[in-house]
Amino acid sequence: MQKDADAIINSPEFKALVASKGVVSAILTVIMLAVYFGFILVLAFDKNLLGQTLGPGLSVGIPVGLGVILLAWVLTGVYVFWANDKYDSAVASIRETLRRK
């Protein structure tokens, strides 16, 4: 069993897959951090922008904050879709290839 695990871990296909997972994760993380810290920086340095009213009891900050939260959900969905569509099938393919050897 350990020999199979070592074969998977040392295979070039698996290493490429791990690298692509890292790239996808890094891109999504950078997007989320940029949006989140951008929101916090605007809140810290230009409160008036987010404090402008759109209607009674509704400032610009409310939909922008909601957008930040929704973006986190969307980015999570993007990652889940990618993992289910690409990553899982690639892992299965690598396993099958190594079983045949």
Side-chain angles (χ1 to χ4, degrees):
M1 192 67 155
Q2 182 63 33
K3 188 175 182 179
D4 292 339
D6 290 338
I8 291 171
I9 291 170
N10 293 322
S11 72
E13 297 90 358
F14 186 74
K15 288 181 180 182
L17 183 60
V18 169
S20 68
K21 180 181 177 186
V23 169
V24 169
S25 298
I27 289 170
L28 296 175
T29 300
V30 167
I31 291 169
M32 190 66 235
L33 286 174
V35 170
Y36 178 75
F37 283 111
F39 176 71
I40 297 299
L41 289 172
V42 169
L43 184 64
F45 295 111
D46 194 3
K47 291 178 186 172
N48 293 332
L49 177 66
L50 295 176
Q52 294 175 2
T53 57
L54 296 173
L58 181 64
S59 68
V60 171
I62 300 297
V64 171
L66 181 61
V68 171
I69 294 168
L70 291 176
L71 178 66
W73 289 356
V74 167
L75 293 178
T76 301
V78 167
Y79 181 80
V80 168
F81 176 78
W82 176 83
N84 289 340
D85 187 50
K86 305 282 187 217
Y87 186 79
D88 290 346
S89 62
V91 168
S93 174
I94 291 168
R95 281 184 185 158
E96 186 59 35
T97 300
L98 292 173
R99 280 187 188 149
R100 287 188 220 136
K101 289 183 177 181

Worksheet, complete the sentence: In this structure, CG of Leu75 is separated from CD1 of Ile27 (nearest 0.5 Å) by 11.5 Å
Fill in: Partners meeting side chain to side chain contact (heavy atoms under 4.5 Å, CB included) with Leu66 (sequence neighbours left out)
Leu70
For a quick test of your reading: what N or O donor-acceptor pairs under 3.5 Å do the side chains of residues 86-94 make, sequence neighbours left out?
unit_1: Ser89; atom_1: OG; unit_2: Asp85; atom_2: O; d: 3.0
unit_1: Ser89; atom_1: OG; unit_2: Lys86; atom_2: O; d: 3.0

Item to complete: Output all residues satisfying side chain to side chain contact (heavy atoms under 4.5 Å, CB included) with Tyr79, sequence neighbours left out; order by chain, then residue number.
Response: Lys21, Val24, Ser25, Leu28, Trp82, Ala83
Practice prompt. For Tyr36, enumerate each residue passing the ring pair (Phe, Tyr, Trp, His ring centres under 6.0 Å) test, keeping only those at least two apart in sequence or located in another chain.
Written response: none
Worksheet entry | Shared hydrophobic cluster, Leu58 / Val64 (ILVMFWY, side-chain heavy atoms < 4.5 Å) | yes
Response to the item:
Leu41 meets the side chain to side chain contact (heavy atoms under 4.5 Å, CB included) criterion, sequence neighbours left out, with Phe45
Worksheet item: Is there a side-chain contact between Leu54 and Pro63 (heavy atoms, below 4.5 Å)?
Response: yes
Worksheet item: Are Phe81 and Met32 connected in the hydrophobic side-chain network, where two residues link if heavy atoms are under 4.5 Å apart?
Response: no
Response to the item:
Residues at least two apart in sequence or cross-chain that pass ring pair (Phe, Tyr, Trp, His ring centres under 6.0 Å) with Phe14, listed by chain then number, are none
Fill in: Same apolar cluster (I L V M F W Y, side chains within < 4.5 Å links), Val78/Val23
yes
Worksheet item: Are Val68 and Leu33 joined in one hydrophobic group, where the rule is that I, L, V, M, F, W and Y side chains link up if heavy atoms are under 4.5 Å apart?
Response: yes
